[in-house]
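Accompanying notes for the structure given below.
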Amino acid sequence: MIKPILSDAWRIYRERFGVIALIVTLIWLPCNLVDSYFTYFVFDPEDFRGSFKLTQFLENFFGIIATAGVTYVVLGQTANRPVGYGDALGVGFSSWGRMWITRFLYSVAVLVGLLLLVIPGIYLGTRWAFAESIVIAEDVSGPTALRRSFDLTRGRFWPVFWLIVLTILIIAIPLVLFSLPVALVPVLDHWLINVAFMLPADIAAAFATVVFTCGYRTLSEEPAAGV
């Protein structure tokens with residue numbers, strides 16, 4: 001299961017790279033400008049908590065638009081119905097409310113699970129991995145999307161878990177590579193240069209959305225295996 005999903009995801013990511021990159025750029029470039037400006041000029045250099053909270057705010061309120069748009073592009077590609085960036089962005093904006101409530105419920109439940117015993121958070125995060133893809137694919141939101149993801153992953157916890165782990169490792173490589181220059185070369189330590197390195201990292205991170213959407217399509221085409 002894992003290899004075919006990653007293979008399909010990589011193929012689609014390459015085929016629709018231009019559209020995916022444009023969607024991510026249109027949403028994340030202004031977000032990165034705000035993030036970098038506050039990190040360099042507003043927050044204390046040691047205030048990692050404040051910087052992290054701002055990044056999470058931008059991701060959860062604006063990044064979900066790009067996530068929805070990229071998901072729509074992938075769904076169109078798997079159905080042999082190519083989608084342009086205009087239509088994808090339109091879906092991203094129109095789905096904002098449904099994406100937000102789904103992300104909110106997911107984040108709260110997983111965070112509580114992690115804080116309590118760690119394992120429940122990991123379990124829920126795995127079982128709900130396809131919730132945001134379901135929001136766009138099935139035009140649902142919140143508890144319905146989470147419940148649907150739970151159904152799809154029944155009997156498939158470990159394959160989905162390792163798919164998540166491998167995806168994180170894959171996108172971690174470009175994220176580290178794009179962050180190293182600013183960290184290691186003092187002359188590059190400028191808020192605008194930082195933005196220039198953040199954007200390619202965001203485009204690379206969009207591969208995770210492609211993976212989970214391909215995973216959703218794969219699991220939705222076959223019956224769940226069991227509890």
Side-chain angles (χ1 to χ4, degrees), residues 6 9-74 77 83-93 95-96 99-100 103-104 106-107 111 125 132 164-213:
L6 289 176
W10 177 238
R11 175 182 58 80
I12 292 174
Y13 185 77
R14 287 185 291 111
E15 289 176 351
R16 304 312 312 273
F17 179 79
V19 174
I20 292 171
L22 185 56
I23 292 170
V24 173
T25 298
L26 290 172
I27 299 301
W28 271 108
L29 180 57
C31 291
N32 288 341
L33 286 168
V34 172
D35 193 350
S36 187
Y37 180 86
F38 271 74
T39 298
Y40 276 77
F41 302 113
V42 178
F43 296 129
D44 185 276
E46 302 301 322
D47 187 10
F48 298 109
R49 185 167 176 266
S51 180
F52 176 77
K53 288 175 66 176
L54 175 60
T55 301
Q56 288 301 107
F57 171 82
L58 294 171
E59 166 62 33
N60 293 327
F61 277 82
F62 301 103
I64 54 175
I65 298 172
T67 299
V70 171
T71 298
Y72 191 64
V73 169
V74 178
Q77 198 70 5
V83 173
Y85 76 90
D87 290 337
L89 281 175
V91 169
F93 280 102
S95 304
W96 184 89
M99 289 290 286
W100 186 87
R103 175 74 64 89
F104 176 76
Y106 171 95
S107 300
L111 179 60
E132 292 184 0
I164 294 171
V165 171
L166 285 173
T167 302
I168 292 173
L169 292 175
I170 290 170
I171 66 176
I173 296 173
L175 294 183
V176 171
L177 291 177
F178 285 120
S179 64
L180 279 178
V182 175
L184 298 179
V185 183
V187 72
L188 296 178
D189 191 15
H190 186 280
W191 75 284
L192 289 176
I193 295 178
N194 184 52
V195 171
F197 282 103
M198 291 168 67
L199 189 57
D202 291 328
I203 294 172
F207 179 68
T209 299
V210 181
V211 170
F212 295 134
T213 306

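To the nearest 0.5 Å, atom CG of residue L22 and atom CD1 of residue I27 are 10.0 Å apart. With rounding to the nearest 0.5 angstrom, the CG atom of L29 is 5.0 Å from the CG atom of L33. Of the inter-residue distances, the one linking S95 atom OG with E132 atom CD reads 11.0 Å to the nearest 0.5 angstrom.
The shortest non-hydrogen separation linking A206 to V24 is CB-CG2, 3.9 Å. Between G92 and A68, the shortest heavy-atom distance links the atoms CA-CB, 3.7 Å. Heavy atoms only, all atoms of each residue included: I65 and F93 are closest at CD1-CE2, 3.6 Å.
Evaluation of the side-chain hydrogen bond (donor to acceptor under 3.5 Å, both in side chains) rule for T71 yields no partner, not counting sequence neighbours. With sequence neighbours excluded, no residue forms a ring-ring contact (aromatic ring centres under 6.0 Å, His included) with F197. Under the rule for a side chain to side chain contact (heavy atoms under 4.5 Å, CB included), the partners of V34 that lie at least two apart in sequence or sit in another chain are F38. Scored by the side chain to side chain contact (heavy atoms under 4.5 Å, CB included) test, I23 finds V19, A66, V70, V73, Y85, A88, L89 as partners (sequence neighbours excluded). Applying the salt bridge (Lys or Arg N to Asp or Glu O under 4.0 Å) rule to R16 yields no partners; only residues at least two apart in sequence or on another chain are considered. Contacts of A21 classified as side chain to side chain contact (heavy atoms under 4.5 Å, CB included), with partners at least two apart in sequence or in another chain: F17, I203. Looking at residues two or more places apart in sequence or on another chain, you find no side chain to side chain contact (heavy atoms under 4.5 Å, CB included) involving P30.
Sequence neighbours left out, the pairs with a member in residues 57-68 that pass side chain to side chain donor-acceptor pair (under 3.5 Å) are E59-R103, N60-R103. Evaluation of the salt bridge (charged side-chain N to carboxylate O under 4.0 Å, His left out) test over residues 193-211, restricted to residues two or more places apart or in two chains, returns none. The list of side chain to side chain donor-acceptor pair (under 3.5 Å) pairs with a residue in residues 203-213, not counting sequence neighbours, reads S133-T213.
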Check: residues 179-195 side-chain donor-acceptor pairs under 3.5 Å, at least two apart:
| unit_1 | atom_1 | unit_2 | atom_2 | d |
| --- | --- | --- | --- | --- |
| S179 | OG | L175 | O | 3.1 |
| S179 | OG | V176 | O | 3.0 |
| D189 | OD1 | Y40 | OH | 2.6 |
| H190 | ND1 | L192 | N | 3.0 |
| N194 | ND2 | S36 | OG | 3.3 |

Using atom types as modelled, flag every donor-acceptor pair under 3.5 Å from a side chain in residues 49-58 to any protein atom, sequence neighbours excluded.
| unit_1 | atom_1 | unit_2 | atom_2 | d |
| --- | --- | --- | --- | --- |
| S51 | OG | T39 | OG1 | 3.2 |
| T55 | OG1 | D35 | OD2 | 2.8 |
| T55 | OG1 | S51 | O | 3.0 |

>> Please evaluate residues Y13 and V74 with respect to the criterion side chain to side chain contact (heavy atoms under 4.5 Å, CB included), reporting the C-alpha separation (whole Å), side-chain torsions for both, the decisive distance (0.1 Å), and the verdict.
In response: CA-CA 8 Å; Y13 185 77; V74 178; over 6 Å; no

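The shortest side-chain heavy-atom distance between I20 and F207 does not fall under the 4.5 Å cut-off.
The aromatic rings of W96 and F61 sit tilted relative to each other, their planes meeting at an angle between 30° and 60°.
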